Engineer: 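For reference, the structure I am asking about is given below.
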Amino acid sequence: MAYNAGSITVLEGLEAVRKRPGMYIGSVSRRGLNHLIYEIVDNAVDEHLAGFCDEISVVLEKDGSCTVTDNGRGIPVDIHKSGLPAARVVFTTLHAGGKFDDAAYKTSGGLHGVGSSVVNALSSHMDVEISRDGKIHHDHYEKGVAVLELDDGLLPVLGKTKKTGTKVNFLPDPEIFDRTDFKEDEILSRLHEMAYLNPTLKIHFEDRRQGKEFAEDYHEPEGLKGYVTELNKASEPVCGVIFVSGESEGIKVEAAFQYTNDFHETILGFCNNIYNAEGGTHITGFKSIFTQVINQYARELSILKEKDANFTGADVRNGLTAVVSIKHPAPRFEGQTKTKLDNQDAAKACSKVVGDGIVLYFDKNLDTLKNVISCAEKAAKIRKSEEKAKTNLLSKQKFSFDSNGKLANCESKDASKCEIFIVEGDSAGGSAKMARDRKYQAILPIRGKILNVEKASMDKVLANAEIKTMINAFGCGFSEGYGNDFDITRLRYGKIVIMADADVDGAHISTLLLTLFYRFMPQLIYEGHVYIAMPPLYKAQPKRGREEYLYDDAALKKYRKKHTGEFTLQRYKGLGEMSADQLWETTLDPKKRKLRRVQIEDARMASDVTGLLMGTDVPPRRDYIKKHAAEAQIDT
Ligand code: TSJ
């Protein structure tokens, strides 16, 4: 191939992507790996949104590669103004999307929409087959570089076909990624979510990898209604699922919601099929119109008298589960993780469409309306008692920072350097207090099972002594969801580290703590302050040579292979068994320890976890925790 200015730009682009892959896909961990699939699938979903594709298939192949197929029009293969086939431009140019100036190419936010060229650059090889104009056109790339010779400027043709569509097969490059085995459950939940958001789309998934053979089809003709039903499957609904939709300001809005007897709200926001973990203007618009409309009805029905104050937004949303999905032509995102929708017109559009929709509905369904208002009344009552509890807590605790003296604080006041370890059990807590670096490490021992906050009302949660101490220690207050009473700038520790035994009880405590943080201090998680300590499982001491700590069974297996001589193996059952020195060396020392940063993948997964935790059937719960607590919400 002759080099021209165009091909040099392409090579420079690829090099930038391979040098700093994290900048393009977030990370080179397994999470980043899965993003390759989502990136490719998003293109096929765009074709669905354009109205030309109703089937997408995702296959994890035996050889570790992934194949994504759609039945759309097929990527155009004619010669682009650069002189290359259009499809080759798509796969080799950063942000090729815009070049087509076609509405079918939508820009989305966050980590998505970075372009299939990024996936290509990070794959050892990629194969593309495009069925279009009666022919199967083919292209092949190695580490993002096209290697096939063109035929009169056109892609080679493999054969004839009557079908149309696009098929992409790629193998993530082991030179780039820590691990190249895709994580199946996360892919499944994302594909299922896609199916709920696109009710006329059928998604086929298949895992053909050795020992993992599995297939699943997702088709959710009920759409968002089905999604809300699924989210509420472990709760007791007080009305049916209500669906509203419409268009305003050039923005398509769809929302489904249902009230339950739970004491909290779950509202998920999506823009152009992307989940917005930090919410944003669509959620704000949805919430404000809800508050306004319900208060208006409550006054019309004389449930609120003239002298009564309005219900607050939180009162109105007590027990509410909602999914809001909008399609915006030019979304912008802000926030720590760039997942918060920023377009003001989305707030207006959501208020308008949702407002009109619910008024239409409630005018015809007075019984449902009355049920909803009684949810708000209950909430208002509880709120008033909680306000009292909160004032008491804050005034009492302000001056007696740690009333029962359990917190061993650190000396430094520089939050960016300070760490707090929440340690299960008094004996491990005692060792940790002796072993720590007093300047920067604070220790807070907690005992036994802290309260399961999922089902408890706020005043109950706040009455729990350990939770009180924790909230006070962190320094930033608390509020449900993204409330205003939480001030992350006052956080006193850059790292909050959960330190629990590597057994089922430890996993349970970790999960309860995560649930607590997720409900009352979600920003701590979203902004990456929460970690899980990874104490070793074994210590191996050879007859001659240095002792070694082994952090998991894989490490032990490796050690056994390497060390043929005799060695003694000590298995740690719990943190309490370690001496202060050992605890320092293995778990506290910033130079040697292993921490995993917690990232809640999305509210959907968290909701699955908490749903299981609050259920009454203990055995599946135990299994679930065993299997997932150390993994499901944690990214390495
Ligand atoms: F299938 C897939 F997921 F692997 C995949 C599908 C991957 C990628 C990178 C792209 C696609 C894809 C793109 N499916 N369908 C399309 N459609 C177009 O690119 C297309 C087709 C026709 C026209 C037109 O104006 O005629 C315009 C576009 C953008």
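Index from 1, following the sequence. The model shown is predicted, which means the values in this text are computed figures rather than measured ones. As the structure lists them, so they are numbered: ligands from 1, and atoms in each ligand from 1.
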Engineer: Can you tell me if T260 and N232 form a side-chain donor-acceptor pair at under 3.5 Å?
Structural biologist: no
Engineer: With heavy atoms under 4.0 Å as the rule, classify the contact between E39 and ligand 1 as side chain, backbone, both or neither.
Structural biologist: neither
Engineer: Only counting residues at least two apart or in another chain, list the ones meeting salt bridge (Lys or Arg N to Asp or Glu O under 4.0 Å) with R18.
Structural biologist: D173, E175
Engineer: Where's the contact between F91 and ligand 1, heavy-atom distance under 4.0 Å: side chain, backbone, both or neither?
Structural biologist: side chain
Engineer: Passes side-chain contact (heavy atoms from CB on, under 4.5 Å), Y196 versus Y218? Steps please.
Structural biologist: CA-CA 9 Å; Y196 280 123; Y218 294 114; over 6 Å; no
Engineer: Consider every N or O of E47 and every N or O of ligand 1, then say whether any pair is closer than 3.5 Å.
Structural biologist: yes
Engineer: Less than 3.5 Å apart, any donor N or O on the side chain of N198 or N273 sitting next to an acceptor on the other?
Structural biologist: yes
Engineer: What atoms of ligand 1 come closer than 4.0 angstrom to any heavy atom of I40?
Structural biologist: 2 (C), 3 (F), 4 (F), 7 (C)
Engineer: May I have the list of side-chain donor-acceptor pairs in residues 345-355 shorter than 3.5 Å, sequence neighbours left out?
Structural biologist:
{"from": "D345", "atom 1": "OD1", "to": "H328", "atom 2": "NE2", "distance (Å)": "3.0"}
{"from": "D345", "atom 1": "OD2", "to": "H328", "atom 2": "NE2", "distance (Å)": "3.4"}
{"from": "S351", "atom 1": "OG", "to": "G285", "atom 2": "O", "distance (Å)": "3.1"}
{"from": "S351", "atom 1": "OG", "to": "A347", "atom 2": "O", "distance (Å)": "3.3"}
{"from": "K352", "atom 1": "NZ", "to": "D356", "atom 2": "OD2", "distance (Å)": "2.7"}

Engineer: Need the ligand 1 atom indices (1-based, order shown) with element for anything under 4.0 Å from a heavy-atom of V168.
Structural biologist: 4 (F), 7 (C)
Engineer: Report the member of G165, S116, P76 with the shortest heavy-atom distance to atom 20 (C) of ligand 1.
Structural biologist: P76
Engineer: Between R597 (side chain) and G528 (backbone), is there a donor-acceptor pair under 3.5 Å?
Structural biologist: yes
Engineer: Go through the steps to decide whether S325 and E254 satisfy the test side chain to side chain donor-acceptor pair (under 3.5 Å), and finish with yes or no.
Structural biologist: CA-CA 5 Å; S325 169; E254 285 182 86; 4.7 Å; no
Engineer: Please report whether ligand 1 has a polar contact with D70, defined as an N or O pair separated by less than 3.5 Å (distance criterion only).
Structural biologist: yes
Engineer: Say whether G74 and ligand 1 are in contact under the criterion: heavy-atom distance to a ligand atom below 4.0 Å.
Structural biologist: yes
Engineer: My understanding is that we take every heavy atom of each candidate and find the minimum distance to atom 10 (C) of ligand 1. Doing that for V128, T67, D42, N43, which one comes out nearest?
Structural biologist: N43
